[in-house]
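Along the sequence shown, residues are numbered consecutively beginning with 1. Below, all heavy atoms of this structure are taken into account, side chains as well, without hydrogens, waters or symmetry copies.
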Amino acid sequence: MPGGVHDVAPHVRSAIDRACGGRTAASAAVLAALDPEQRHGWRALPDPLPAIRAGDAHARRVLPRDADPGRALALALCGTGSVQVLCAIARCAPDRIPESPLAGLARLRGGRFRFADAELRVQVLAAATPQERLRAHQLLARVLAGMGESEAALWHRARGAVVSDPALVEPLLARARAALHDGDAGRAWSCATEAAEHASPGTSPHARALLLSGYAALAGGWIGDALERFAQTLRIDRGCRGEAATAFALAHVLRHGTPPAPDPRVSAEAIGRGCGLAAVLSAPFGAGLGDRGPDLRRLMALVPGADGAVGDGDPLRRVTDALRTGLDGDPDAGIRTLADPEPTVGAGPLLGLHARAPLLRARRAVADVLLHVWAGRIGTAYGLLSASAAEFPVALPFGGVAAALCRRLQLAVEGRIGRLSLELAAASPWTHDSDGFVDRAIDAYLRGRSDEAAVHMALRADRGMPSERLGLPGLDEVGPLGACMAPEPPEAALARTLRERVRSARESSWRTDLEAVAAESRGIRSPFERARVEAMLGSTAVARGDRGRGVRHLRAALSLFEESGALAWRGMVGRRLRALGASRLPSAAGAGAPERDPEHSPLEVCRAMWEPILTPRELDVALLMAEGRTNREIALALQVSVRTVEVHGGRVFAKVDVRTRHELTVLAHRTDQHL
């Protein structure tokens, strides 16, 4: 497929799969025929979908030879309907349907029919000429009008008109507004777009039709189409310019991450309101939005009038309140808030976005996933994100945080970054990957390569990378201590502090220090966060020589990771227990998690663990001592004096809390065995 197999947004792939009846080859061919913005979900899918060569052969094989092509096309355009509509299209009585040439194309149930072969329907629609489609729409308009189905007849009358009919504009716009209210962005887009085709160019109805089609595109996440329609509305004016300017600014920020250029035709306040609404959609807590992407809060400060726009409208307030509740320490209360039914009154649209709009449902879904992560239910969060990504444009809200979130969840559950993460990254229009170092560090750590993980985290610190985004689970078991973090729930902050205390425990007081950490960790309700503390307690205790205590903590971590659904982390702990001969886990315990490299150098892990507390020269001296070298040999290797080696050695002994070279060597090799 052009652009690679991961060049398709998950919800676009799902929609094409449904349209093609789940036939993989047909879906792949249709996706390959789309342009990149359609595959990314930034533009609406074409109607009809593109024709495919394999589908033509399938149509010749399946389509009844005696079926009238025009009536077969009308049946495909209709898709589903009552048996009476089928009888009118087939020109037969209900009891004669089984004998009709169209009988093989329809499936009957409960007095209704549907087109039986989804792949054939796609091909029949794509292969029809414009003239054939006009005639089929005209046929359906007559049939449906004769049966009293006026709304359905209106649509086919509009599509079957040879010339534009301004009288159709207002009824079509009324259907588009109703569809937007119901959250059906596709139907709203089709009706508003058709209304724009029938409106006289440059008139007020034309401007309103363009504006409404832009709202429909925004609701569906088709930000490229939305930008185009709002820009066309701005050129027409007719009383819609201020509203169109606000909507254009919102769509521009979602698509490009920057406010639009100043326009003398519109007020700065309208542009500022649009940018403010984009900030509410993307970054309600002021978290950084990607590697080099702008922080929308700072961006808004540059736009006059933006500050007054950051009041959540009803469709947005519930999600923001739920996330704030989670960050205050009660993610389950936030989840319950999102689960409550939407109010039936008092919730007006926000720039055409009703609560059921796919874009807002995507925002709500990502918030739900974040809340489950903060509650420690990693497996549940991954399942929710996978299901939501197949239905909604989840790559757009919160500055594309879903892509980074999916990578962390896939690493935690599967031990790898898979297709879903790559697809969400491709569907994120302007965010950049700022978390690659952390992702690679987590991957290495779960594979048992702590030294490599520490290198990635150190590189991230050296680069001065921004803090982690909105409460994503990171890695603090290795690397520099005291890393700056983004807003996070109190339990996550406490667990991170406890892990830092474990890493900083000194030889003379480590038992007391670890006991204090263990006592404090018992109040952590998140199974994932507490499991990471238990895993560090266990590894540290074993490395210090207390195997019994270490095994107990590691077994606790194993159980907690199992409860959280973080199977790759569970597999890592299981391998440590098996190395100690203390686990009777089946081989499937580490399924999905990569195995540790058996040829790993023991002192490389020691380097990773000592690097945060020793200077580079002290670290060199310590590792050479652990190799058994004399002070003179170390001095020659480092091109320094013996006295300098002695001074650095004394500092090393004090920092790692040992008294002799023998104790230093034993500590170094124990670190490799159990971390």
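Between Met625 and Ile634, some side-chain heavy-atom pair lies under the 4.5 Å cut-off. Residues His11 and Phe392 form no side-chain contact, since every pair of their non-hydrogen atoms from C-beta on lies 4.5 Å or further apart. Between Asp443 and His456 the shortest side-chain heavy-atom distance does not fall below 4.5 Å. Contact check for Leu667 versus Asp657: no side-chain heavy atoms found under the 4.5 Å cut-off.
The two residues Ala454 and Val478 make their nearest non-hydrogen contact at N-CG2, 3.7 Å. Shown here for Ser521 and Val533, the closest heavy-atom pair between the two residues is CB-CG1, 3.9 Å.
No donor-acceptor distance shorter than 3.5 angstrom exists from the side chain of Glu500 to the backbone of Thr497, with no hydrogens or angles considered. Looking at Arg407, its side chain never comes within 3.5 Å of a backbone N or O of Ile417 through a donor-acceptor pair. Although no hydrogens or angles enter the test, the distance criterion places a donor-acceptor pair under 3.5 Å between the side chain of Glu663 and the main chain of Arg659. A donor-acceptor pair under 3.5 Å is absent between the side-chain atoms of Arg496 and the main chain of Leu475, judged by distance alone. Ser559 places no side-chain N or O within donor-acceptor distance of the main-chain N or O of Arg555, the cut-off being under 3.5 Å.
Every residue two or more places apart in sequence or in another chain that forms a side-chain contact (heavy atoms from CB on, under 4.5 Å) with Thr380 is listed here: His372, Arg377, Leu384. Under the rule for a salt bridge (Lys or Arg N to Asp or Glu O under 4.0 Å), Glu633 has no partner lying at least two apart in sequence or in another chain. When the side-chain contact (heavy atoms from CB on, under 4.5 Å) test is applied to Ala322, the partners found at least two apart in sequence or on another chain are Thr337, Leu338, Leu371. By the side-chain hydrogen bond (donor to acceptor under 3.5 Å, both in side chains) test, Gln410 is found to be paired with Tyr382, Ser421, residues two or more places apart in sequence or in another chain being considered. Partners of Arg511 under the salt bridge (Lys or Arg N to Asp or Glu O under 4.0 Å) rule, at least two apart in sequence or in another chain, are Asp546. Scanning for ring pair (Phe, Tyr, Trp, His ring centres under 6.0 Å) contacts around His40 gives Trp42, with sequence neighbours left out. For Ser14, the side-chain hydrogen bond (donor to acceptor under 3.5 Å, both in side chains) partners at least two apart in sequence or on another chain are Arg18. For Ala557, the side-chain contact (heavy atoms from CB on, under 4.5 Å) partners two or more places apart in sequence, or in a different chain, are Glu534, Ala535, Phe561, Val573. Legend: residues meeting side-chain contact (heavy atoms from CB on, under 4.5 Å) with Pro489, ordered by chain and number and at least two apart, are Leu327, Trp374, Ala492. For Arg499, the side-chain hydrogen bond (donor to acceptor under 3.5 Å, both in side chains) criterion is met by Asp476, Glu529, not counting sequence neighbours. In terms of the side-chain hydrogen bond (donor to acceptor under 3.5 Å, both in side chains) criterion, Glu391 has no residue partners (sequence neighbours excluded).
No hydrogens or angles considered: nothing links the side chains of Thr325 and Asp330 as a donor-acceptor pair under 3.5 Å. Looking at Thr320 and Arg363, their side chains do bring a donor and an acceptor atom within 3.5 Å of each other.
Residue pairs meeting the salt bridge (charged side-chain N to carboxylate O under 4.0 Å, His left out) criterion with at least one member in residues 514-527, sequence neighbours excluded, are Glu491-Arg525, Arg501-Glu520, Glu515-Arg549.
Because its NZ or CZ atom is both nearer than 6.0 Å to the ring centre of Phe437 and within 45° of the ring axis, Arg440 counts as a cation-pi partner of that residue.
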